[in-house]
S.K.: 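Before we start, here is the structure in question, set down as structure tokens.
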Amino acid sequence: MGIISFTEVMPQGSDGGDEELITISGVVDSIIYRNDDNGYTVCDIETADGGFITAVGIMPFVSEGESVTVVGSWGHHASFGRQFQVQSAEATLPVGASEILRYLSSGAVRGVGPITAKRIVERFGDDSFDVIEHHPEWLTDIPGISKRRAEEISENFKKQTGSRSVMMFCREFFGLSTSLRIYKQWGSAAVDIIKKNPYRLCTEISGISFTRADEIAMSLGIAKDSPDRIDSAVIYLLSYNATTNGHVYLPFDRLVSGICELIGVTEEQAENACRRLIKSGKIFLKRIGDTDAVYLKLYFDAEVKIAQRLRELDRLCPKLDTDDVSRFIAKIEVQDNIRYAAAQRAAIEGALTSGVMILTGGPGTGKTTVVRALLSIFNSMDFRCALAAPTGRAAKRMSEATCAEARTIHRLLEMEYNEGAYPRFIRDENNRLEEDAIIIDESSMIDVLLMDALVRAIKPGARLVLIGDADQLPPVGAGNVLHDIIESGVFRTVRLTEIFRQTKESLIITNARRIITGEYPILTEKNSDFFFLPRSTDEKIASAIVDLCAKRLPAAYKVDPLTDIQVITPSRRGTAGTENLNILLQEKLNPKSKRKKELKSREILFREGDKVMQIKNNYNLEWTRDGDGKCLCDNTKESGIGVFNGDIGIIVDIDESNESVSVRFDDKIVVYDMSQLDELEHAYAVTVHKSQGSEYPIVVIPMYRCATMLMTRHLLYTAVTRAEKTLILVGREDVVRTMVDCEREDYKYTGLATFLREM
């Protein structure tokens, strides 16, 4: 069921290696380069014997004049020669008037230049730092320093020394990249926050597990039965299962057992913690069917608000008379020389006579035809209409299919920069969308938080049409919104099942229908768009896939293997899983070359020309358009923010001196620094879950035995329906049959259907 699993997230920057580490001490002579965002620094260090070395690495706190001890190994840069690659660093503030003057004159403290530094040191000598930090008002005795400027100098000095204390404290537990993220989150208060409640690390900072936070807590002497420890375990389990397993809530009894397993406390202690948090309003208890459901406030509020707003939209929307609807449809049929099927007519009528309507159906069933009809009718009614989808690829396909502008939901809601874990939107209940009709495609991908943001922004009286394939996998994020809305039975829902003439010849569509209805796909057809290549072992499957992508398919179809072919696998693991296939495909499709720069992060070797995927939503990554093409969607700005889980791009540049990687996503360029590279993976092969919402001209799928929970009908159906033109299964026929026979769906604990029915 995918619940209560604990995966240790190792600290970043700890790739290790077998080379012997060297320790060097000295004084920072000059800062050659520093990236303030990720702390990457190039500096010259004067060693104790009077020599100089060039040190490179993440050292966000070092400044000229400081004593520093660096640990690392020697390396060679193609352009700059021999350099010391820093893995860890420790710096101390200089002592003595001359070294203090050198430090302050370097610009380490914003607001203090060489002249001001000289005046401060001449006046206060060895006590200059103490005066700046604790008695800034004394600085006003110096000509040119006002009271306000003195306070700013003191504040900037505290920030500088604060970052050092945070990095020094965190280095015992984390790599430099993670330590830097902690400092960015909490600033100079980070040490006090961690000492007071180290469990905030796992609940407030992405990528830090409860296990790691618990280790820190134990080292700080926090008791195993501390209320903070048990309370944090409750919050962590609810949050982890929402973000990783998609559960909006957990049953009370399973939550309690999970807490006991995680931290080794008694059931009574775990239950008391839950009740304590319920009383404080941090978590909520709700009866869902025969289950006592425990929610985080964030997800409880989201499901309640979605139910309220959908009900309100459906109630307040002006309904058209059925005779008027019939006339609209008849006019469009004459105008476009088309005859709508009965289910398509029902869908059009439902969208015009309901405030909320759901349209579902598999590929080739005519969903796009319904959207085109609705756009034409809404236009004739002078309705302002918005088209949107959860991902940029889905929005682009929607634009191409309808010849109308489509945007991502994030762009529709005008996402703005936000330091928090969740996006912030300009469009909300206080600044609603102006459109009279909102049509959302690929709605099966929408999680509860995004749906909550969407319905809050739709004005009362507007229409909402949700389109999606209910047979696909649920969204990666928390909840199962489309499934729950359909299951509630509250709103008009139309399911398209008829495959139309223009797609009947497609064996991809025919086999997709057979798979989802429990029939085995046709694997013997030779002249079609659906092929099966039998291979008996995982090694032979992997070898055949590499050969297909590197030679046979590019030769037969005259396609680019990077942009036109996508390998989609059920699992990351195994010889035919994404991890191994990405290594093999990188070697064949983008081999090592003197002309291509490389950069290693974690255990992944990134190379210019690599196909990569963003593996988590990052609402703050900035992108700019590169001018090489014009996207059909989201083309209102030349720059923006937000790169999302599943976005695929190509590495176009690796800046070795800055340790950054530039990736082109369609026509957008995003620059990643070292602290962000854990959000990228190779994408020559991707999992089925990561492929949701996307379609590719040619799809290759390995059929091999992997984890039982992944060998399901819905997963195979989702993978097959990602192919636009050609689909190739490679492997064992018995695996295909096993997946078709397994009707089990990914189960998520959600309560939206219950809320909708209760309201």
S.K.: With the side chain counted from C-beta on, respond yes when Glu487 and His483 share a heavy-atom pair under 4.5 Å apart, and no when they do not.
M.R.: yes
S.K.: What closest approach, in Å, do Gln614 and Lys616 show between heavy atoms, and which atom pair accounts for it?
M.R.: NE2-O, 2.8 Å
S.K.: Search all heavy atoms of Ile568 against all heavy atoms of Val699 and return the closest pair with its distance.
M.R.: CD1-CG1, 3.7 Å
S.K.: Using 4.0 Å as the upper bound for N to carboxylate O, is an ion pair formed by Arg572 and Glu681?
M.R.: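 Result for this pair is yes, salt bridge flagged.
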S.K.: Among Met709, His689, Arg744, which residue satisfies the side chain to side chain contact (heavy atoms under 4.5 Å, CB included) criterion with Leu715?
M.R.: His689
S.K.: Indicate yes or no: at least one non-hydrogen side-chain atom of Asp447 is less than 4.5 angstrom from one of Val476.
M.R.: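 Side chain of Asp447 against side chain of Val476, heavy atoms only: no contact under 4.5 Å found.
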S.K.: Would you please indicate yes or no on a ring centroid separation below 6.0 angstrom for Tyr295 and Tyr299?
M.R.: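 Between Tyr295 and Tyr299, which both carry aromatic rings, the centre distance is not below 6.0 Å.
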S.K.: Taking only Lys NZ, Arg NE, NH1 and NH2, and the carboxylate oxygens of Asp or Glu, determine whether Glu435 and Arg407 approach each other closer than 4.0 Å.
M.R.: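 Yes, Glu435 and Arg407 are salt-bridged.
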S.K.: Please work out whether the ring planes of Phe210 and Tyr236 are parallel, tilted or perpendicular, with thresholds of 30° and 60°.
M.R.: tilted
S.K.: Working to the nearest 0.5 angstrom, can you tell me the gap between Arg573 CZ and Thr687 OG1?
M.R.: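 It is 11.5 Å, given to the nearest 0.5 Å.
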S.K.: At their closest point, which heavy atom of Val448 faces which heavy atom of Gly479, and how far apart are they?
M.R.: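 That closest heavy-atom pairing would be CG1-CA, 3.9 Å.
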S.K.: Relative to each other, are the rings of Tyr749 and Tyr747 parallel, tilted or perpendicular (30° and 60° limits)?
M.R.: perpendicular
